[in-house]
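Here is the structure we will look at.
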Amino acid sequence: MQALQKPAYLRTTATILARLDYAALAKALGVGYQEIVCTSDLEPCIRGALDMAGPVLTRVMTDYRKRPIRWLEAVKAKYKKELTTEQKVRFASRLGVRALDLKAEND
């Protein structure tokens, strides 16, 4: 959501989720727990989870920040072609007003 909101509105709203202690959650539920932090851990961790008795909560750490969102780029390209000059000016003026907003906090 931040990747969608930041370029269009120069801010993000309601995109920070509460941090969850997955290990504590697994313990409270009485299930096994493991984390997969990198690609090289994927196979051994999956094998390890399959070897554990009972259900296993597996947290897979993934970072999408540097990955392009292809459908978003396609939508941008389409609208750049289809918007009228008046619509482009209106959109740019909205971005300009938001850029001048001196409040640092998000809503």
Side-chain angles (χ1 to χ4, degrees):
M1 290 309 303
Q2 288 180 342
L4 298 173
Q5 290 180 5
K6 193 72 168 179
Y9 305 113
L10 300 179
R11 65 178 184 218
T12 58
T13 303
T15 58
I16 306 283
L17 301 177
R19 301 291 180 238
L20 186 61
D21 184 343
Y22 291 97
L25 175 63
K27 185 176 181 180
L29 295 173
V31 300
Y33 175 73
Q34 67 176 353
E35 288 186 354
I36 299 175
V37 208
C38 61
T39 308
S40 62
D41 292 343
L42 191 59
E43 187 176 339
C45 285
I46 290 173
R47 289 186 191 282
L50 292 173
D51 289 340
M52 289 184 189
V56 178
L57 173 62
T58 302
R59 181 180 186 198
V60 181
M61 307 291 284
T62 309
D63 184 359
Y64 290 105
R65 289 178 290 186
K66 294 182 181 175
R67 185 176 180 171
I69 304 171
R70 291 183 297 210
W71 68 266
L72 182 58
E73 297 305 320
V75 169
K76 282 184 194 177
K78 179 180 179 186
Y79 280 105
K80 283 180 185 176
K81 283 190 231 175
E82 293 182 4
L83 290 177
T84 65
T85 302
E86 181 181 329
Q87 291 170 321
K88 288 177 184 178
V89 167
R90 193 169 124 207
F91 187 74
S93 66
R94 285 182 181 176
L95 283 177
V97 168
R98 289 186 178 120
L100 295 175
D101 187 7
L102 301 177
K103 293 181 229 165
E105 73 277 353
N106 290 331
D107 52 345

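A quick note: this is a predicted structure, and the numbers were derived from the prediction, not measured.
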Inter- and intrachain pairs under salt bridge (charged side-chain N to carboxylate O under 4.0 Å, His left out), touching residues 16-33, at least two apart: none

Apart from V37 itself, residues in the same hydrophobic cluster as defined by side-chain heavy atoms under 4.5 Å: M61

Flag, side chain of S93 to backbone of R90, donor-acceptor distance under 3.5 Å: yes

Hydrophobic cluster (4.5 angstrom, side-chain heavy atoms) - remaining members for L17: none

With sequence neighbours excluded, residues passing side-chain contact (heavy atoms from CB on, under 4.5 Å) with L25: L20, L29, L57

Closest heavy-atom pair and its distance - G32, A26: O-CB, 3.8 Å

Over all atoms of both residues, closest heavy-atom pair of K88 and L83: CE-O, 3.5 Å

Sequence-distant partners of R94, salt bridge (Lys or Arg N to Asp or Glu O under 4.0 Å), two or more places apart: none

Co-members of the apolar cluster containing M52 [side chain, <4.5 Å]: V56

For T62, side-chain contact (heavy atoms from CB on, under 4.5 Å) partners two or more places apart: V60, Y64

Expected output: side-chain Q34 to main-chain G48 donor-acceptor under 3.5 Å: no

Minimum heavy-atom distance T58-A49, with the two atoms named: OG1-CB, 4.2 Å

Listed partners of T84 passing side-chain contact (heavy atoms from CB on, under 4.5 Å), at least two apart: E86, Q87

Residue pairs, two or more places apart or on separate chains, that pass salt bridge (charged side-chain N to carboxylate O under 4.0 Å, His left out) and touch residues 48-61: E35-R59

Listed partners of R47 passing salt bridge (Lys or Arg N to Asp or Glu O under 4.0 Å), at least two apart: E43

Interatomic distance, I36 atom CD1 to I46 atom CD1 [nearest 0.5 angstrom]: 5.0 Å

Listed pairs under 3.5 Å, donor-acceptor, residues 70-79 side chains, sequence neighbours left out:
none

